[in-house]
Amino acid sequence: MSQQPLQLTIQTGSQTGQTFQLRRGSQTIGRASTNQIVIPDPTVSKQHAQITVQPEGVWIQDLGSSNGTFVNGQQITASTWLKPGDTLQVGTAVVLGVQAGGGAMPAPAGSNPTGWLAGGLVAVVALLVLAGLGFAAWFAFGSSGDSSTQPPVVSETVPVVLTTEPPVESPTPAPEVVVNFTASKTTVQLGECVTLRWQVTEAREVRLDGELVPASGDRKVCPQDASKTYRLTALSFSGETSEEALTFTVLPTPLPPPGVEIEFEAEQTSVSYGNCTTLRWTVQNAQAVRLNGEKVGSQGTQEVCPTEPATVYQLLVDPLEGELVEQTVIINVPATPMPTATPTAAPTATLLPAPPQPQVQTPVIDKLIADQITLNQGGCTTLRWTVRNAQSVQLSGGEIGSQSVSNQGARRVCPPGANTTYTLFASGSGGSVQTSITLAVFAPTSTPVIVVVPQPQPPPAPAGPPKYDIGASVGYIDGNKRCFTLQGYIENVREAYLDGGEFNHTPLTGPSWAKKVCHKQTTTYVMTVILPNGSIDSVSATREGP
């Protein structure tokens, strides 16, 4: 016996009493007008659920709705069979009753779908039996006697009507699952969050990393691993699984550069005219330091002899990041008091003391050296010098002409002649001095051989601005020597060398280095760097002896 088709009748809501007749195949329920069963209630999703009518029965599947789908009061998470008498709830306010409708409907799964065929066969057999009986009667009565005197017997034809049910249709194939899984970007910084978005249609259930989720939605995630993968899995009505994956690359967040730290002071902030005092400074986390416009090391001392009533010394610091920082020290020079004359019985002449003369310092050139004093033709080397008590210093000779330089530094030169002399002039309040160095250039003696040398590839561009400095720890006495830890850092430079004391153009590597040094007298250590653009710069640290 065949079942009646089902129909849905709204029992609650603004459309109470409206009836929907279910048809073979798939039809969707939802708020949008594109659905076959439209329920314009705000608690119903745009595409809320799907009903599939097949010969085996009628099933309903939730499509990831916001407020869920319920059969007989129980929320469904998979395809569920519907039968007459069930109640169907979509959203929070709409309840539909399931009733049998008019006409024929395929039996649910488990019934005998070939019953109509058996009934048809019985009707055919009955028709054959009746036809046989009619033929026998005609033969018995119509063939005996004189056919001319007896009228023929006409047998009445009995119509046989066969009533059959339509054949069972083949099941409608399950619709194919469509998965759309995206993110705004897949490369993030550590601690940064992104939003996953997905849209899945024609699926029995959807899971995100194993967790059951609606068929469409979004989720904010903050990946922490260097490589993190999220997987969206969809199960179709036919039991097949589809999966989409998104893999994120998580970059480490760079740390901000450390802040600059400055200590700048004078041993005495008030000195008599003609006397001197010592400035001391220590600077950390800086690119460059200048004392009254002259570049100095990040840690050092300098003796000064102020002559003005209020002499200002300025330390200008260029930090690793940000604007320049300035600190000043003011040293007072009180006026020399006039002596008071002692009254006497007879006036006598009083001789006033001569005003103090400013201290005269004779400039001293500690060194003018070259890394190499003999070169092949076309070769280059580096000059290095140290000068004290000078107000101006000039380096001249060869291809550089005459240029003003600092009291301490280095310069790369390429002698143009066979013997090229470079002269260092230093002048100050106590006079001027000079010294020279001659570099010998030799031409090749053998017949030149043309050799094709591949052009060197330029070094890769540094990742950031050049950063370098040198300093030393607080010293301690070891026998008749004072020892320190000489240290510094180097970043984004081509080469770096250390001179002074026991070091002679010793290569240095970064990003940081440290060396123990001990000496008996005041020693200056110079770190020379070759910058990415080919220019040369240097920083120094001076330490006293025991």
Side-chain angles (χ1 to χ4, degrees), residues 26-52 60-71 74-80 88-94 174-257 321 463-464:
S26 298
Q27 48 243 282
T28 56
I29 302 174
R31 191 174 72 248
S33 60
T34 55
N35 296 279
Q36 288 76 30
I37 300 175
V38 180
I39 302 178
D41 186 275
T43 65
V44 177
S45 297
K46 291 182 179 180
Q47 193 175 46
H48 197 100
Q50 177 175 277
I51 295 178
T52 303
I60 185 168
Q61 167 68 36
D62 185 81
L63 296 180
S65 63
S66 300
N67 296 313
T69 302
F70 302 80
V71 174
Q74 298 294 323
Q75 185 172 4
I76 64 173
T77 58
S79 184
T80 303
L88 172 62
Q89 177 183 332
V90 290
T92 61
V94 179
E176 184 179 355
V177 172
V178 179
V179 180
N180 185 17
F181 188 32
T182 61
S184 57
K185 58 182 178 179
T186 56
T187 300
V188 297
Q189 294 288 342
L190 181 63
E192 184 180 1
C193 299
V194 294
T195 300
L196 305 177
R197 303 184 189 278
W198 65 90
Q199 177 72 41
V200 183
T201 57
E202 308 298 346
R204 179 180 296 178
E205 68 177 27
V206 181
R207 293 181 180 271
L208 177 61
D209 281 355
E211 179 186 348
L212 190 65
V213 294
S216 62
D218 57 70
R219 175 171 295 181
K220 184 178 181 181
V221 296
C222 306
Q224 300 294 319
D225 301 332
S227 179
K228 172 65 177 176
T229 301
Y230 295 91
R231 304 183 185 276
L232 188 74
T233 306
L235 180 65
S236 69
F237 289 105
S238 61
E240 297 180 355
T241 300
S242 300
E243 181 179 278
E244 293 287 339
L246 287 176
T247 300
F248 290 84
T249 301
V250 182
L251 305 176
T253 303
L255 297 176
E321 185 174 287

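From a predicted model like this one, the values you see are computed outputs, not experimental measurements. Note that the numbering runs from 1 along the sequence shown for the chain. Quick note: numbers below take in every heavy atom, side chains included, and nothing from hydrogens, waters or symmetry partners.
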| message | The criterion is side-chain contact (heavy atoms from CB on, under 4.5 Å); which residues satisfy it with A32, sequence neighbours excluded? | response | T34, N35, K46
| note | Sequence neighbours excluded, the answer for ring-ring contact (aromatic ring centres under 6.0 Å, His included) partners of Y230 is F248
| message | Run the salt bridge (charged side-chain N to carboxylate O under 4.0 Å, His left out) test against E192 and tell me which residues pass, sequence neighbours left out. | response | K185
| request: Output all residues satisfying side chain to side chain donor-acceptor pair (under 3.5 Å) with T229, sequence neighbours left out; order by chain, then residue number. | output: T247
| Which pairs, with at least one residue in residues 222-237 and sequence neighbours excluded, count as a salt bridge (Lys or Arg N to Asp or Glu O under 4.0 Å)? | R231-E243
| field | Gap between atom OG1 of T233 and atom CZ of R207 - 0.5 Å precision | value | 9.0 Å
| E244 CD to T182 OG1 distance, which is reported to the nearest 0.5 Å | 10.5 Å
| message | Strictly distance-based, threshold 3.5 Å: is any side-chain N or O of R31 a donor or acceptor partner for the main-chain N or O of V44? | response | yes
| field | Check: I60 and V71 side chains under 4.5 Å, non-hydrogen atoms | value | yes
| request: Evaluate the side-chain proximity of T201 to V177: yes if any heavy-atom separation is below 4.5 Å, no if none is. | output: no
| message | Suppose we screen for side chain to side chain donor-acceptor pair (under 3.5 Å). Which residues come up paired with Q36, at least two apart in sequence or across chains? | response | T28
| query | Say you draw a straight line from CG of L232 to CG of L196; how long is it, rounded to the nearest 0.5 Å? | reply | 9.0 Å
| said: So which atom in A215 and which in V206 form the shortest heavy-atom distance, rounded to 0.1 Å? | reply: CA-CG2, 4.0 Å
| How about E211 and R219: do any of their side-chain heavy atoms sit closer than 4.5 Å? | yes
| request: Inspect the surroundings of CD in Q75 and state if more than 12 heavy atoms from other residues, nucleotides or ligands are less than 6.0 Å away. | output: yes
| request: Could you list the residues that satisfy salt bridge (charged side-chain N to carboxylate O under 4.0 Å, His left out) with E202, not counting sequence neighbours? | output: none
| Atom pair CG (L88) and CD1 (I29), whose distance is rounded to the nearest 0.5 Å | 5.5 Å
| field | Minimal non-hydrogen separation, S216 against Q199, with atom names | value | CB-OE1, 3.0 Å
| Between L212 and T77, is a side chain to side chain contact (heavy atoms under 4.5 Å, CB included) present by the stated rule, with each step listed? | CA-CA 9 Å; L212 190 65; T77 58; 4.2 Å; yes
| message | Nearest 0.5 Å, please: how far is OG in S45 from CG in L63? | response | 9.0 Å
| Contact list for residues 189-228, test ring pair (Phe, Tyr, Trp, His ring centres under 6.0 Å), sequence neighbours left out | none
| query | Side chain of Q89, backbone of G91: donor and acceptor closer than 3.5 Å? | reply | yes
| task | For residues V178 and V200, determine if any side-chain heavy atom of one lies less than 4.5 Å from a side-chain heavy atom of the other. | result | no
| note | Sorted by chain and residue number, the salt bridge (charged side-chain N to carboxylate O under 4.0 Å, His left out) partners of D218 (sequence neighbours excluded) come out as R197
| Quick check: does any side chain N or O of T80 sit under 3.5 Å from a backbone N or O of A78, one acting as donor and the other as acceptor? | yes
| Mind checking what makes side chain to side chain donor-acceptor pair (under 3.5 Å) contact with D41, not counting sequence neighbours? | T43
| query | So which heavy atom on A234 is nearest to which on A203, and how close? | reply | CB-CB, 4.2 Å
| message | Suppose we screen for salt bridge (charged side-chain N to carboxylate O under 4.0 Å, His left out). Which residues come up paired with K220, at least two apart in sequence or across chains? | response | none
| field | By side chain to side chain donor-acceptor pair (under 3.5 Å) - contacts of S65 (at least two apart) | value | H48, D62
